[in-house]
Amino acid sequence: MAASAHGSVWGPLRLGIPGLCCRRPPLGLYARMRRLPGPEVSGRSVAAASGPGAWGTDHYCLELLRKRDYEGYLCSLLLPAESRSSVFALRAFNVELAQVKDSVSEKTIGLMRMQFWKKTVEDIYCDNPPHQPVAIELWKAVKRHNLTKRWLMKIVDEREKNLDDKAYRNIKELENYAENTQSSLLYLTLEILGIKDLHADHAASHIGKAQGIVTCLRATPYHGSRRKVFLPMDICMLHGVSQEDFLRRNQDKNVRDVIYDIASQAHLHLKHARSFHKTVPVKAFPAFLQTVSLEDFLKKIQRVDFDIFHPSLQQKNTLLPLYLYIQSWRKTY
């Protein structure tokens with residue numbers, strides 16, 4: 001199959017931590033990892049955190065993230081203690097926006113929710129956040145780190161435009177969406193870490209684009225189950241593949257070639273991001289821990305010959321917390 005030959009073009013993928021077996025991890029590492037919270041949400045629901053006698057707004061954000069963005073939750077746990085709660089708030093804000101599209105039956109309702117978050121961002125910068133847990137925590141983060149309003153508004157605006165159930169016309173359109181959402185999230189994370197550096201921004205831009213592309217690929221089976229396909233149309237047309245091919249879970253060579261081309265673009269963005277490795281401040285590396293999960297997915301999809309519907313791609317990597325911890329310890333991305 002042609003896709004198998006394509007896989008060799010990538011060369012060996014570096015799963016987050018090069019030479020893992022060559023160096024001995026710090027004493028007690030495995031014991032610490034066993035204490036990391038799991039993906040399950042405890043007995044009390046996320047929604048309960050905003051009710052009377054709730055844990056508090058900070059715990060609401062943490063639980064929302066643990067339930068809806070487990071990889072982001074794990075990455076956030078490994079940030080410096082003084083930055084952690086602010087990043088939890090930022091990522092919880094992103095989760096709130098991301099789940100609007102899937103939780104509404106009509107676009108009008110989605111637009112109303114996005115309008116709420118637009119007004120919320122405006123109110124946060126007027127020191128008047130609404131009594132909503134994520135909004136309150138985001139307000140604290142803005143006050144604490146003087147976060148740039150423009151990045152927050154870009155995320156809301158882009159999520160709002162994405163409420164239309166339309167496939168991306170080309171890979172550039174998908175990259176623009178990723179830049180305005182995932183990369184903006186990383187720019188804000190760098191601000192929380194106190195990093196103002198052009199090279200770090202360049203790396204964040206490429207990692208955000210890789211994240212957006214991988215997220216689009218990972219969600220393809222889910223979207224297909226709802227009779228929707230969002231993969232870039234230009235690449236599908238290039239290989240003579242229709243949306244119906246994905247809805248029918250066609251696994252022929254042309255379909256895999258489409259997935260190969262899209263995954264290769266994510267791979268290239270990771271390579272570009274790492275080309276700045278020597279010039280990016282070490283303090284910025286914790287913001288880029290998500291490269292571990294991105295590499296993990298790209299490695300798995302290469303292993304299954306770019307079959308986007310292969311069951312193994314839907315399985316969680318139980319070693320991801322360990323890989324993330326060692327990546328953090330090695331101070332690299």
Chi angles and distances behind the side chain to side chain contact (heavy atoms under 4.5 Å, CB included) call for E191, T148:
CA-CA 8 Å; E191 289 187 349; T148 302; 2.5 Å; yes

Result for side-chain contact (heavy atoms from CB on, under 4.5 Å) between F93 and one of T120, L64, V134, I124 points to V134

Please confirm whether K101 makes a cation-pi placement over F230, using NZ or CZ under 6.0 Å from the six-membered ring centre and within 45° of the ring normal.
yes

Report the relative orientation of the aromatic rings in F309 and F246; use parallel for angles under 30°, tilted for 30 to 60°, perpendicular for over 60°.
tilted

Passes side chain to side chain contact (heavy atoms under 4.5 Å, CB included), W151 versus I155? Steps please.
CA-CA 6 Å; W151 301 128; I155 297 173; 5.6 Å; no

With side chain to side chain contact (heavy atoms under 4.5 Å, CB included) as the criterion, how do L320 and Y70 come out once you've worked through the C-alpha distance, each side chain's angles and the decisive distance to 0.1 Å?
CA-CA 11 Å; L320 182 60; Y70 185 57; 5.9 Å; no

Can you tell me how far the CD atom of Q99 sits from the CZ atom of R68, to the nearest 0.5 Å?
5.5 Å

Sole residue of V95, V87, L74 in side-chain contact (heavy atoms from CB on, under 4.5 Å) with L65
V95

Is the closest side-chain heavy-atom distance between Q182 and L185 below 4.5 Å?
yes

Can you confirm whether R169 is buried at CZ, in the sense that more than 12 heavy atoms of other residues, nucleotides or ligands lie under 6.0 Å from that atom?
no

Those residues that, when tested against E244, pass side chain to side chain contact (heavy atoms under 4.5 Å, CB included) (two or more places apart)
R227, S242, L247, R248

According to the ring-ring contact (aromatic ring centres under 6.0 Å, His included) rule, which pairs have a member within residues 193-215, sequence neighbours left out?
H202-F276, H206-H269, H206-H272

Tell me whether the rings of F306 and Y260 are parallel (<30°), tilted (30 to 60°) or perpendicular (>60°).
perpendicular

Are K118 and D157 ion-paired here, with the side-chain N under 4.0 Å from a carboxylate O?
yes

Using a cut-off of 6.0 Å, state whether more than 12 heavy atoms not belonging to N146 lie near its atom CG.
no

Value rounded to 0.5 Å, distance of OG in S103 from CD in E96:
9.0 Å

Set of residues satisfying side chain to side chain contact (heavy atoms under 4.5 Å, CB included) with respect to Y125, sequence neighbours excluded
V121, V142, L147, K149, L152

Which atoms form the tightest heavy-atom contact between H131 and I136, and what is the distance?
CA-CD1, 4.1 Å

